[in-house]
Asks: 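Mind looking over this structure? Questions follow.
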Amino acid sequence: MKILAINASPRGKKSNTLRLVEAALTGAADAGADTEFLDLCESDIGYCTACGICYQTGECPIQDDYAGILSKMQAADGLIIGTPVYINAVTAQLKTLLDRMADVIHCQAFAGKYGIVVTTGGGGGTDEVIAYLGNTLQVLGADMCGGVGAVMAEGSERFEQRISEAEKTGELLVHAIRNKTPYPEQEVFHAEMRKHMSALVSANRETMQHEYEYLKNRGWIE
Ligand SMILES: Cc1cc2nc3c(=O)[nH]c(=O)nc-3n(C[C@H](O)[C@H](O)[C@H](O)COP(=O)(O)O)c2cc1C
């Protein structure tokens, strides 16, 4: 079982969020998973230009690190996504990655994967970021198993508690993958998304050939 953790803080080894990401990875490794870490801010990822070529071919024409990161995400059974709160949202680096993933969303290509989210904020905003990234995981087709947010102003003792929670959430992620834990409410959401994406892609099949074939092969378009 493979778990990929992505940290989207630009602060490298000094990142507070990294502490939570590493704790979640430790939990996942202790529960028996193979783990990999990716520092997103070390990667070169350009903005989506909305050219629509990925809808046709399944590939983005921009030559940068996106394709490599996407294949790592595709190869993983579980994802740990970490970001600091930047102006009540995720960092621009993480949003830039997510904006490149419209094709993944149309295909619901992360169906069967599980994910967790960790975030740190100076004074707040962590609940909003967990909600946004949890929803994003589901929109990609994955199941969201949990989120941990640490507010740095709450002090070091509280931060240590959040680090322990992140470790437990990393373990939970591995158990969810191993047991294929069902999340009934998310199943309803996924069924709706598949219906919605199938209708969208069918209606645009001339410009979304790759996605049409993908959804047909998965049996999601009759
Ligand atoms: C550009 C920028 C924007 C930020 N915006 C917020 C914010 O909206 N709310 C907040 O509570 N903290 C905010 N912070 C503080 C960070 O979220 C906080 O220091 C976080 O722990 C940094 O994580 P890192 O060490 O992993 O980069 C911001 C920091 C920066 C540099």
Side-chain angles (χ1 to χ4, degrees), residues 2-31 33-48 64-66 68-70 72-73 76 78-101 110 113-140 142 144-174:
K2 282 192 191 158
I3 304 289
L4 174 69
I6 297 177
N7 188 26
S9 163
R11 296 206 315 130
K13 295 251 181 298
K14 290 193 220 133
S15 161
N16 297 324
T17 313
L18 180 64
R19 302 276 312 278
L20 297 183
V21 170
E22 284 179 341
L25 270 180
T26 300
D30 289 350
D34 286 339
T35 60
E36 184 177 353
F37 172 77
L38 181 93
D39 185 338
L40 188 65
C41 298
E42 292 287 306
S43 303
D44 167 32
I45 307 186
Y47 297 131
C48 173
D64 60 11
D65 293 336
Y66 171 66
I69 293 174
L70 179 61
K72 281 180 195 290
M73 292 175 97
L79 299 168
I80 298 169
I81 313 281
T83 180
V85 177
Y86 271 17
I87 322 300
N88 292 327
V90 301
T91 60
Q93 289 89 338
L94 181 53
K95 187 61 168 59
T96 303
L97 171 66
L98 297 172
D99 286 355
R100 295 282 289 279
M101 300 181 76
F110 282 7
K113 295 190 195 302
Y114 290 82
I116 61 170
V117 172
V118 297
T119 182
T120 66
T126 52
D127 289 347
E128 289 79 357
V129 164
I130 291 170
Y132 168 70
L133 283 178
N135 178 258
T136 301
L137 279 169
Q138 292 176 62
V139 166
L140 289 161
M144 157 73 161
C145 307
V148 177
V151 174
M152 301 313 294
E154 290 177 350
S156 58
E157 203 175 310
R158 191 86 175 125
F159 189 42
E160 292 305 322
Q161 285 171 6
R162 296 304 193 202
I163 289 170
S164 304
E165 277 174 40
E167 194 170 328
K168 290 198 184 82
T169 310
E171 281 171 34
L172 176 86
L173 174 63
V174 171

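Basis for what follows: all heavy atoms, side chains included, without hydrogens, waters or symmetry-related copies. In this chain, numbering begins with 1 at the start of the sequence shown. Order of listing sets the numbers, starting from 1, for every ligand and every atom in it. Note that the structure is predicted; figures quoted are calculated from it, not measured.
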Asks: What protein heavy atom lies closest to atom 8 (O) of ligand 1? Include the residue and the distance to one decimal.
Replies: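 Nearest neighbour among protein heavy atoms for atom 8 (O) of ligand 1, to 0.1 Å: Asn88 N, 2.9 Å.
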
Asks: Looking at every heavy atom in both Lys95 and Asp99, which two are closest together, and how far apart are they?
Replies: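 The pair with the smallest heavy-atom distance is NZ-OD1, 2.7 Å.
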
Asks: Check if Gly125 has a non-hydrogen atom at a distance under 4.0 Å from any atom of ligand 1.
Replies: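 Judged by the 4.0 Å heavy-atom criterion, Gly125 does not count as contacting ligand 1.
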
Asks: I need the nearest protein heavy-atom contact for atom 9 (N) of ligand 1: residue, atom name and distance, please.
Replies: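 Scanning the protein heavy atoms, the shortest distance from atom 9 (N) of ligand 1 goes to Val85 CG1, 3.7 Å.
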
Asks: If the cut-off is 4.0 Å to any non-hydrogen atom of Met152, which atoms of ligand 1 fall inside it?
Replies: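 Those qualifying, in numeric order: 21 (O).
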
Asks: Could you give the distance from NZ (Lys2) to CG (Leu4), rounded to the nearest 0.5 Å?
Replies: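 Reported to 0.5 Å precision, the distance equals 10.0 Å.
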
Asks: Any luck finding a side-chain donor-acceptor pair between Thr120 and Thr17 under 3.5 Å?
Replies: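 Side chains of Thr120 and Thr17: pair found under 3.5 Å.
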
Asks: Under 3.5 Å, side chain of Ser15 to main-chain N/O of Arg11, donor-acceptor pair present?
Replies: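 No, the answer is negative, given that no donor and acceptor are paired below the 3.5 Å cut-off.
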
Asks: Is there any N or O on Gly123 that sits under 3.5 Å from an N or O of ligand 1?
Replies: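 So ligand 1 has an N or O lying under 3.5 Å from an N or O of Gly123.
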
Asks: Quick one: pull up NZ in Lys113 and CG in Leu140 and give me the separation to the nearest 0.5 Å.
Replies: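 So the NZ of Lys113 and the CG of Leu140 are separated by 10.5 Å.
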
Asks: Which of the numbered atoms in ligand 1 are under 4.0 angstrom from any heavy atom belonging to Ile87?
Replies: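 Answer, ordered by atom number: 3 (C), 4 (C), 5 (N), 6 (C), 7 (C), 8 (O).
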
Asks: Closer than 4.0 angstrom, basic N to acidic O: yes or no for Glu160 and Arg19?
Replies: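 The answer is yes: the pair qualifies as a salt bridge.
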
Asks: Considering heavy atoms of the protein only, find what lies nearest to atom 30 (C) of ligand 1 and give residue, atom and distance to 0.1 Å.
Replies: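 That would be Tyr86 CE1, 3.4 Å.
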
Asks: Are Glu165 and Lys168 within salt-bridge range, i.e. N to O under 4.0 Å?
Replies: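 Salt bridge absent between Glu165 and Lys168.
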
Asks: Out of Gly124, Pro84, Gly122, indicate the one that has the non-hydrogen atom closest to atom 23 (O) of ligand 1.
Replies: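 Going through Gly124, Pro84, Gly122 one by one, Pro84 has the nearest heavy atom to atom 23 (O) of ligand 1.
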
Asks: Of the protein's non-hydrogen atoms, which lies at the shortest distance from atom 27 (O) of ligand 1, and what is that distance?
Replies: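 The closest heavy atom on the protein side is Ser9 OG, 2.6 Å.
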
Asks: To check your reading of the model: name the closest protein heavy atom to atom 20 (C) of ligand 1, its residue, and the distance in Å.
Replies: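 Here the nearest protein heavy atom works out to Thr120 OG1, 3.3 Å.
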
